[in-house]
Structure formats: C-alpha cells, structure tokens
Amino acid sequence: MLFSYIKIFRLTAVIYFLFALLSAGNSYAQDSKTAGLDGDEIASLTSKLSKKILLSGEQNNQIIALLKDYSKQQNAIKSTNSNTVPDDNKMKQLITSTNEKIINLLGEKQKMKFEIINDDWWKEIKTEGND
C-alpha cells in the first residue's frame, strides 16, 4: 500500500515538472516570435549590404535607422496579433515601404546592384528577425 502511494507521488511530481517545463518553453517561444532584429543583427545586415552595393557612411546610417524602424513596426504587428498569425498584408506593406525607402537612398548603380540581391537580403532579414 505504501509503495503505491510513493509511485503515485512520484508520478504526480513528474507530471508537474513536465507541465512546468512545457509552460516555460511555450513562454520562451512566444517571446522569441516578437523579438525582431537586435542592434547586432541590424549592424551585420547593413554591413553585408554595404559591402555588396558600396554604401556611403551616411547611407549606412540611414539604412540602420530604417531597419530599426522596420523592427519596431514588425514587433508592433506581431504583438497585436499574438494569438494568431501576424497580418500578412501589414507585413507585406511594411516590407514594401521599407524597401522603397532604401531604394530612394541609393544612387543609380547601387539601385541596379540592390535589385539583384534584394530578395536574398530580405530573406536574411526575415531569418534574423525570427531567431
């Protein structure tokens, strides 16, 4: 009889432990969905872009500011829809708007180079923002 109580107690303890572990993991997953880009990621992405299309110092600073703004707006979109999938239309509009602002900063040769790498660069931004 005593052994059955001990078994029940152990089983209950294991279940509570697993429940606590799963709850903590779920909380972390939700936090990471709204993390966005951090300063290091923005600097890295801008540095890669600068090497590919030869940004001036001023262009570099402006793109950093645009990516910071993009990240804030992305977080706002994700947080307003925390229980559902973020609004795809709003995300597409944000990407399009940010992309247009970047293009407006560039010279003609830079624009041609940017058009070539644009899709891959945005894929990398989306990947970095979801880490």
Completion exercise
Separation between CD (Glu41) and CG (Asp38), nearest 0.5 Å, reads 4.0 Å
Practice task
Can you sort out the partners of Lys68 under salt bridge (charged side-chain N to carboxylate O under 4.0 Å, His left out), two or more places apart, ordered by chain and number?
Solution key: none
Exercise for the section: Keeping the roles fixed (side chain from Ser79, backbone from Asn75), state whether a donor-acceptor pair exists under 3.5 Å. Expected result: yes
Problem - Thr46 side chain vs Ile42 backbone, donor-acceptor pair below 3.5 Å - result: yes
Fill in the blank from the handout: Interatomic distance, CG@Leu106 vs CG@Leu49, rounded to 0.5 Å, equals 7.5 Å
Practice task
Please list, chain by chain and in numerical order, all residues satisfying side chain to side chain contact (heavy atoms under 4.5 Å, CB included) with Lys52, sequence neighbours excluded.
Solution key: Ile117
Completion exercise
Value for NZ (Lys111) from CG (Leu105), rounded to nearest 0.5 Å, stands at 9.5 Å
Problem - Main-chain N/O of Leu67 paired to Ser71 side chain as donor or acceptor, under 3.5 Å - result: no
Exercise for the section: Could you tell me the separation between the CG atom of Leu45 and the CD1 atom of Ile125, rounded to the nearest 0.5 Å? Expected result: 5.5 Å
Handout entry: Within one Ile-Leu-Val-Met-Phe-Trp-Tyr cluster: Ile116 and Leu55, side-chain cutoff 4.5 Å
Key = yes
Practice task
Look at the side chain of Thr127 and the backbone N and O of Lys123, then say whether any donor-acceptor pair between them is shorter than 3.5 Å.
Solution key: yes
Handout entry: Co-membership, hydrophobic cluster, residues Leu66 and Ile103, 4.5 Å side-chain
Key = yes
Exercise for the section: Looking only at non-hydrogen atoms, find the nearest pair between Leu54 and Gln110 and report the distance. Expected result: O-NE2, 2.8 Å
Practice task
May I ask you to check whether Glu100 and Asn104 show a side-chain donor-acceptor distance below 3.5 Å?
Solution key: no
Handout entry: Note, Ile95 side chain near Gln74 side chain (heavy atom, < 4.5 Å)
Key = no
Exercise for the section: For the pair Gln73 (side chain) and Leu94 (backbone), establish whether a donor and an acceptor sit closer than 3.5 Å, ignoring hydrogens and angles. Expected result: no
Exercise for the section: Measure the spacing between CD of Glu124 and CG of Asp119 and express it to the nearest 0.5 Å. Expected result: 13.0 Å
Practice task
Applying side chain to side chain contact (heavy atoms under 4.5 Å, CB included), name anything that partners Ser56, two or more places apart in sequence or on another chain.
Solution key: Glu58, Gln59
Fill in the blank from the handout: So OG of Ser50 and CD1 of Ile63: to nearest 0.5 Å the spacing works out to 8.0 Å
Exercise for the section: Return the set of residues passing side-chain hydrogen bond (donor to acceptor under 3.5 Å, both in side chains) with Glu115 (not counting sequence neighbours), or none when no residue passes. Expected result: none
Problem - Ser44 (side chain) donor-acceptor with Asp40 (main chain) under 3.5 angstrom - result: no
Problem - Contact list for residues 88-119, test ring pair (Phe, Tyr, Trp, His ring centres under 6.0 Å), sequence neighbours left out - result: Phe114-Trp121
Exercise for the section: Taking the side chain as every heavy atom from C-beta outward, state whether Gln62 and Lys101 have any pair of such atoms under 4.5 Å apart. Expected result: no
Handout entry: Pairs meeting criterion ring pair (Phe, Tyr, Trp, His ring centres under 6.0 Å) with involvement of residues 47-79, two or more places apart
Key = Tyr70-Trp122
